[in-house]
Amino acid sequence: MRNQQATQLLSELSRPGRTAVSWPACDVPEQPLEELIPSNFLASEALKLPELTEGEVVRHYTNLSTKNMSVDTHYYPLGSCTMKYNPKRNERLASMPGIVDLHPYQDESTIQGMLQLLFELQGIFSEISGLPACSLQPAAGAHGELAALMVAAKYFKSIGEDRKVVLAPDSSHGTNPASAQMAGFKAVSIKSDPNGGVDMEDFRKKLTDDIAVLMITNPSTLGLFEKNIREIADAVHEKGGLIYLDGANMNAILGIARPGDFGADMMHYNPHKTFSGPHGGGGPGAGPICVTEALEPFLPSPVVKKQGDNYKLEFDRPQSIGRVRSFFGNVGVLVRAYCYILSHGPVGLRQVSENAVLNANYLLSKVKHFLPVPRGERCMHEFVASASKLKQERGITAMDIGKRLLDYGFHAPTVYFPLTIPEAIMVEPTETESKETLDAFVETLFKITEEDAALLHDAPHTTPISRPNEVQAARSPCLRADFCST
Amino acid sequence: MTYLYNTPDDQAAMLKSIGVESIEELFATIPSDLRLKRDLDLPPMMGELELTQHISALAAKNASPATHACFLGGGSYDHFVPAVVDALASRGEFYTSYTPYQPEVSQGNLQAMFEYQTLICDLTGMDLSNASLYDGGSALAEAVIMALNTGKRGEKVVVLGTVHPEYRQILQTYFTHLGIEIIEIPCVDGVADLAKVEETVNADTNCVVVQSPNFFGGIEDVAAIAEIAHKNDAVVIQSFDPISLGLLKRPGDLGADIAVAEGHSLGSPMQYGGPYLGIMACNEQFVRRLPGRIVGQTEDRRGKRCWVLTLQTREQHIRREKATSNICTNQGLFALRASIYMALLGPGGMKQAATLCTQKAHYAQTKLSEVERLEPVFSSNPFFKEFVLRDTQGNVEGLLAEAREAGFLGGIPLGQFFPEMDDCFLVCVTEKRTKSEIDALARTFSLIHSGGSTIHA
């Protein structure tokens, strides 16, 4: 079905003299360019961009799009990434005139509608988290972590304490220790116990007097609620430290439990996960953070405030860490989150979590019979199965299973994460999948575990390409069309 | 609820399969005293129609191109977006897909990112590009991190005062608490004073940060600054305007080692400042230090050309606290938009767009400077699409407020960033502004000056 052209690069399709735009003629009196800009600043030759017609560009990218799995086309049982349905209404609303075309330096009087939306969203995020102050500025979850840790650093400085240590469980996202290090802290890892929770003995051993922050993902990356969270938070607070909650898994507890109520001092949201912003093949997301009242003065500026009937940006925040991003933040993503939350209301939001947890436990109850789930009979929004036994007995790896699923039209689950479970297969169904889809997935998964090992090693068989040589890609990087270093 | 699929019958069957009586029981692991005993205090659920009406009402409270002609710039620009960009980027296969960790079913995104990297290298004249970062400001901070992490240079970061004030604020946030000294060189004449640069940059300097065209629209002598920096073994980081490269020499041709930019003007809307596109390109020496995602070309088992995420050993999910940055995302959808935009325009279209901006901005500068109370500032400096005007009556806020009444977003007051320039404002003219809009703005400013009633655009 596909001809050769459909897989060519733009540079290969290019022919000199083609173009896809026709700009209007210049309607102001034109001056010789060299009189406006000295010639030593002007480029001496044309850019080497491809030259194509509009139809060619459209065909090229449309063909590329068909080589992607996406939520609109496929089921994505991807753990810790929450690939749920992305409501179409949010796309339309976020693209509306008066929303999508605002300049960030418009006078406040001309953006009262946008500021109202953002102000309300700050309040909504605070209510859901149980943490009264909010900054919408960070551009991604990891950016939120970094901003919040800077808030913590500034807070400790303000009270004259020099605390250096950030603790994070070994099952945490890799961004946690990386953010800690970038904020000037020393990251120390805590072990997990056999049930996947924080190993309390190791925790107590590492809970030193110079602890600044304990970062914890709760519900965890294993899909478990940390049952000792209160005890952990109390112990950290007793030492004068703070609790940071990695909010990656908030979709499991919306309206059911609030991080502020179980001891968190700071957290970030991943609105693109919890509140269904599309992932865009890698971004954009956003990383708003919520904190306690005591930490509020340190939040990045500006924040939106209400004064009488007017909304204002507050820049005068003397204790603020400053700015972590230009302009206000990833507003387009925030608008989608706002629309998603209003589409549900308090009851609907709780049902989101209930159904996400129901779907996950249903899958777990089926999968555990042929792929052991080492950490528990119950889960929150996701669970981690292990292909260890299959690997020992038949040489079939988690990767093989993931790749073979692609042949059957299912996206692969997250594999080899968290690192604490060997041959991990991390499954998160989300609330927007039907029982039929889950049943079909389980049946396929079971069928695959019975298939011939050699067939699986070579999988996938039906996708646009077979397994790529990733070692070669890293050893001799070829990072652009006409330039492959050796 | 709208997006939940399972009926009560389905739910009952599922609960039975799990072996519990109720959904409530599934939450038993959350200690009861940690559970919320009430409904969240949120607005009630809205259907699609009500929500559409609600958002429309909010949108109607905002000024937009439908009501005002936009002469605002300062890092966010009202450039034209061709219909093709929206049509292709709104394909669900692109925007609802995940990070391409499964290359076999993500070749569309991977090839698009690889082509983005290629196009950015073509645009900037640099060796390498990553698959994008958050935005222009944080990309600049990441560039400084990369410079600090590479080689055995000094620890001081030298930043020109004409770099976007918010970008400089981001640098302060990222680095001051780490004890890294940031030296800002004030630029009183709207561009860098080369003698001051020469005087400041020394063996302790790790990198020199320059923006060209700079925050005031002025074109900096990057080549001369790069020469001074390189003499001192310092890295040159240039922040640039991607549209300007249709006309101006590229960072790679001027001696920049790392080039960063705010890339939203390549085919993405202003959307009140985000999401945007952080462009980062660099010399080959940084290949294993470059933060963010990178796509590489390779072959599959059947020898077919294909693409994968590569060099991931730098990244946080493998190196954790030893990673070159904590970034675990890119702006895939906006990188896609930028690629489509550049593919549509090609070299000729990029040059035309840049030329239109330059011609119209210069016309506007002349025209607006004819208004009695206005005068051009830094008028001897070459500029691209932005320039600074002074209100000789010192009432910038009042002038711009009246212009707003007449339907113009006439400029950005500079006092908020530079207290000594509280009688100045920054005007930007893109290819979208017409002669009649520019003339009308000039007329409006004149009328405001003469105390007459203003006319609507």
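All chains are named by letter (A, B, ...) in the order of the sequence lines, taking the proteins before the strands, and each is independently numbered beginning at 1. Since the model is a prediction, treat every value here as computed from it, not as a measurement.
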S.K.: Would you say CZ of A/Arg92 has more than 12 non-hydrogen atoms from neighbouring residues, nucleotides or ligands within 6.0 angstrom?
M.R.: no

S.K.: Output the distance between atom OG (A/Ser11) and atom CG (B/Leu119), rounded to the nearest 0.5 Å.
M.R.: 8.5 Å

S.K.: Give the intermediate values and the outcome of side chain to side chain contact (heavy atoms under 4.5 Å, CB included) for residues B/Ser97 and A/Tyr76.
M.R.: CA-CA 9 Å; B/Ser97 58; A/Tyr76 260 73; 3.9 Å; yes

S.K.: At a heavy-atom distance under 4.5 Å, which candidate from B/Pro65, B/Cys328, B/Ser138, B/Ala112 has the highest pair count against chain A?
M.R.: B/Pro65

S.K.: Heavy-atom distances under 4.5 Å only: say whether A/Tyr61 touches chain B with side chain, backbone, both or neither.
M.R.: both

S.K.: In Å, rounded to the nearest 0.5 Å, how long is the span from CG of A/Asn68 to CD of B/Glu93?
M.R.: 7.5 Å

S.K.: Quick check for you: among B/Lys304, B/Arg305, B/Gln172, which has the greatest number of heavy-atom pairs under 4.5 Å with chain A?
M.R.: B/Arg305

S.K.: In Å and rounded to the nearest 0.5 Å, what is the CG to CG distance from B/Leu245 to A/Leu47?
M.R.: 7.0 Å

S.K.: Rounded at 0.5 Å granularity, tell me how far CZ in B/Phe27 sits from CG in A/Leu358.
M.R.: 9.0 Å

S.K.: Which atoms of A/Met114 are under 4.5 Å from chain B, going by heavy atoms: the side chain, the backbone, both sets, or neither?
M.R.: both

S.K.: Ion pair present between B/Arg301 and A/Asp458, side-chain N to carboxylate O less than 4.0 angstrom?
M.R.: yes

S.K.: With only heavy atoms counted, which part of A/Lys157 is less than 4.5 Å from chain B, the side chain, the backbone, both or neither?
M.R.: neither

S.K.: If you count every heavy atom of other residues, nucleotides or ligands that lies below 6.0 Å from B/Lys351 atom NZ, does the total exceed 12?
M.R.: no

S.K.: Can you find a heavy atom in the side chain of A/Ile229 that is under 4.5 Å from one in the side chain of B/Leu34?
M.R.: yes

S.K.: Let me know if A/Thr73 has heavy atoms under 4.5 Å from chain B in its side chain, its backbone, both or neither.
M.R.: side chain

S.K.: What part of B/Leu88 gets within 4.5 angstrom of chain A, counting heavy atoms only: side chain, backbone, both, or neither?
M.R.: side chain

S.K.: Given the options B/Ala66, B/Gly137, B/Pro269, which has more heavy-atom pairs under 4.5 Å with chain A than any of the others?
M.R.: B/Pro269

S.K.: Between B/Ser132 and chain A, which part of the residue has a heavy atom less than 4.5 Å away: side chain, backbone, both or neither?
M.R.: neither

S.K.: Measure the CG-CG distance between A/Asp482 and B/Asp122 for me, rounded to the nearest 0.5 Å.
M.R.: 6.0 Å

S.K.: So A/Asn469 and B/Thr298, side-chain hydrogen bond (donor to acceptor under 3.5 Å, both in side chains) or not? Walk me through it.
M.R.: CA-CA 6 Å; A/Asn469 188 337; B/Thr298 185; 4.8 Å; no

S.K.: Identify which part of A/Arg378 has an atom lying under 4.5 Å from any heavy atom of chain B, answering side chain, backbone, both or neither.
M.R.: side chain

S.K.: Mind checking whether B/Phe94 and A/Leu64 have side chains closer than 4.5 Å, heavy atoms only?
M.R.: yes

S.K.: Excluding sequence neighbours, so at least two apart, what forms ring pair (Phe, Tyr, Trp, His ring centres under 6.0 Å) with B/Tyr134?
M.R.: A/His143

S.K.: Which atoms of B/Ile55 come close to chain A, meaning under 4.5 Å heavy atom to heavy atom: side chain ones, backbone ones, both, or neither?
M.R.: both

S.K.: Name the member of B/Glu262, B/His54, B/Gln107, B/Gln117 that forms the most heavy-atom pairs with chain A at distances under 4.5 Å.
M.R.: B/Gln107

S.K.: B/Gln102 and A/Lys403: side-chain donor and acceptor closer than 3.5 Å?
M.R.: yes

S.K.: Checking B/Leu178 against chain A: side chain, backbone, both or neither under 4.5 Å from a heavy atom?
M.R.: side chain

S.K.: Could you check whether A/His60 and B/Glu115, counting side-chain N and O atoms only, form a donor-acceptor pair closer than 3.5 Å?
M.R.: yes

S.K.: Treating A/Trp23 as the side-chain partner and B/Gly349 as the backbone partner, does any N or O pair qualify as donor plus acceptor under 3.5 Å?
M.R.: yes

S.K.: Are side-chain heavy atoms of A/Met69 and B/Tyr98 found at a separation under 4.5 Å?
M.R.: no

S.K.: Side chains of A/Ser466 and B/Asp300: is there a donor and an acceptor less than 3.5 Å apart?
M.R.: yes

S.K.: Between A/Arg350 and B/Asp39, does any NZ, NE, NH1 or NH2 come within less than 4.0 Å of an OD or OE carboxylate oxygen?
M.R.: no

S.K.: Counting only heavy atoms closer than 4.5 Å, note whether A/Ala481 contacts chain B via side chain, backbone, both or neither.
M.R.: both

S.K.: Decide yes or no for A/Ile465 and B/Trp307: does some side-chain heavy atom of the first lie under 4.5 Å from some side-chain heavy atom of the second?
M.R.: no

S.K.: If I measure from the heavy atoms of chain A, does B/Pro44 come under 4.5 Å with its side chain, its backbone, both, or neither?
M.R.: backbone

S.K.: Which atoms of B/Tyr174 come close to chain A, meaning under 4.5 Å heavy atom to heavy atom: side chain ones, backbone ones, both, or neither?
M.R.: both

S.K.: Among A/Arg258, A/Lys366, A/Gln112, which residue forms the greatest number of heavy-atom pairs with chain B at distances under 4.5 Å?
M.R.: A/Arg258

S.K.: Using the ring centroid of each side chain, check whether B/Tyr3 and A/His344 are separated by less than 6.0 Å.
M.R.: yes

S.K.: Checking A/Ser65 against B/Arg91: is there a side-chain donor and acceptor pair closer than 3.5 Å?
M.R.: yes

S.K.: Return the CG to CG distance between B/Leu26 and A/Asn361, rounded to the nearest 0.5 Å.
M.R.: 4.5 Å

S.K.: If every non-hydrogen atom of B/Arg320 is compared with every non-hydrogen atom of A/His173, which pair is closest and at what distance?
M.R.: NH1-C, 4.1 Å

S.K.: For A/Asn359 and B/Asn6, which I'm curious about, is there any donor-acceptor pair between the side chains at under 3.5 Å?
M.R.: yes

S.K.: Please classify the contact between B/Ile145 and chain A as side chain, backbone, both or neither, with a heavy-atom cut-off of under 4.5 Å.
M.R.: side chain

S.K.: When only pairs under 4.5 Å are counted, which of B/Gln359, B/Arg319, B/Met270, B/Gln312 shares the most heavy-atom pairs with chain A?
M.R.: B/Gln359

S.K.: What residues, two or more places apart in sequence or in another chain, satisfy side-chain contact (heavy atoms from CB on, under 4.5 Å) together with B/Pro382?
M.R.: A/Pro38, A/Phe41, B/Ile219

S.K.: Hey, which of B/Met350, B/Arg35, B/Arg302, B/Glu299 has the most heavy atom pairs under 4.5 Å with chain A?
M.R.: B/Arg302

S.K.: Do side-chain atoms of B/Thr96 reach the backbone of A/Ser70 as a donor and acceptor pair under 3.5 angstrom?
M.R.: no

S.K.: Tell me which one of B/Asp127, B/Thr310, B/Val295 satisfies side chain to side chain contact (heavy atoms under 4.5 Å, CB included) with A/Leu479.
M.R.: B/Thr310

S.K.: With salt bridge (charged side-chain N to carboxylate O under 4.0 Å, His left out) as the criterion, how do B/Lys360 and A/Asp27 come out once you've worked through the C-alpha distance, each side chain's angles and the decisive distance to 0.1 Å?
M.R.: CA-CA 8 Å; B/Lys360 289 178 185 230; A/Asp27 62 351; 3.1 Å; yes

S.K.: Is it the case that the side chain of B/Lys61 and the backbone of A/Thr110 share a donor-acceptor pair, with hydrogens and angles ignored and the cut-off at 3.5 Å?
M.R.: no

S.K.: Check whether B/Asp253 gets within reach of chain A through its side chain, its backbone, both or neither, counting any heavy atom under 4.5 Å.
M.R.: neither

S.K.: Check whether B/Ala28 gets within reach of chain A through its side chain, its backbone, both or neither, counting any heavy atom under 4.5 Å.
M.R.: neither

S.K.: Tell me, for B/Ile30 versus chain A, whether the close heavy atoms (under 4.5 Å) come from the side chain, the backbone, both or neither.
M.R.: both

S.K.: What part of B/Gln11 gets within 4.5 angstrom of chain A, counting heavy atoms only: side chain, backbone, both, or neither?
M.R.: both

S.K.: What part of B/Ile412 gets closer than 4.5 Å to chain A, counting heavy atoms only: side chain, backbone, both or neither?
M.R.: side chain

S.K.: Non-hydrogen atoms of chain B under 4.5 Å away: do they reach the side chain of A/Asp261, the backbone, both or neither?
M.R.: both

